[in-house]
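No hydrogens, no waters, no symmetry mates; every other heavy atom, side chains included, goes into these values. Counting starts at 1 for both ligands and their atoms, in listed order.
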Amino acid sequence: MGFAPLLFASLMSLAGVCSGGSDAPRGVAVGFVFDLKAKCEPPCEHAGVCIRNNTCFCSRGYEGETCQYANCYPKCKNGGVCLRPGKCRCPPGFGGRYCHKVMCDGGCWNGGECTAVNGVAKCICPSSWAGSKCQEAICPQGCRNGGLCVAPGICSCVEGWLGGACHTAVCSQPCLHGGKCISPNKCRCRPPFSGPRCEERKKSH
Ligand SMILES: *[C@@H]1O[C@H](CO)[C@@H](O)[C@H](O)[C@H]1NC(C)=O
């Protein structure tokens, strides 16, 4: 409450100089006309002073007809709202003093870059990673038979399968007589062979 009357007094003395008339000495800053009986309705906000009817002189950091708006310099970016002088409230996905920083919740992993895309913060992932945080590796070859892609191009296979895409079945005993291992420990035999390892020859008539 002490600040406003003080500013008021200094404005009055300034008004006294300037209302002296048009013969005011050159070089003296010409201020605004100040009316002691001025009324401002609605009243000036944020310690603004009513200097003429419905004209507010705003204190530093505020502007607008009734000094209702705080101003922020630099201006709040990315849709941020100026709450009080120099203090921006940032929309989700943005931060920093002026909402100038893009913020991806939880960060971006594996070399991903947090970037604003149409006003929304997003991780832009390197080509071998995907997901909202670039947390999922991409295996272009695919991981088959229950395998998991654990790093770019690397599948972790379940037991019984091998190969870059977990596409090769493992038969702990080899398939005999040209038989083919088609799933873990399962041989597909060439006729006339049969049996778990294609070890038997079918009897022919
Ligand atoms: C300011 O307004 C009051 C009434 O609200 C009026 O009496 C006065 O003359 C006005 N002053 C000026 C300079 O217009």
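To the nearest 0.5 Å, the span separating SG on Cys114 from CD1 on Ile124 amounts to 9.0 Å.
When the SG-SG distance for Cys72 and Cys82 is compared with the 2.5 Å cut-off, it comes out below that value. Taken together, Cys58 and Cys44 fail the criterion of an SG-SG distance shorter than 2.5 Å. The SG atoms of Cys99 and Cys90 lie less than 2.5 Å from each other.
Within a 4.0 Å radius of atom 9 (O) of ligand 1, the protein has no heavy atom. Closer than 4.0 Å to atom 13 (C) of ligand 1 lies at least one heavy atom of the protein. Taking a distance limit of 4.0 Å, we find that atom 5 (O) of ligand 1 is approached by no protein heavy atom.
Of the protein's heavy atoms, Asn53 ND2, 1.5 Å lies nearest to atom 1 (C) of ligand 1.
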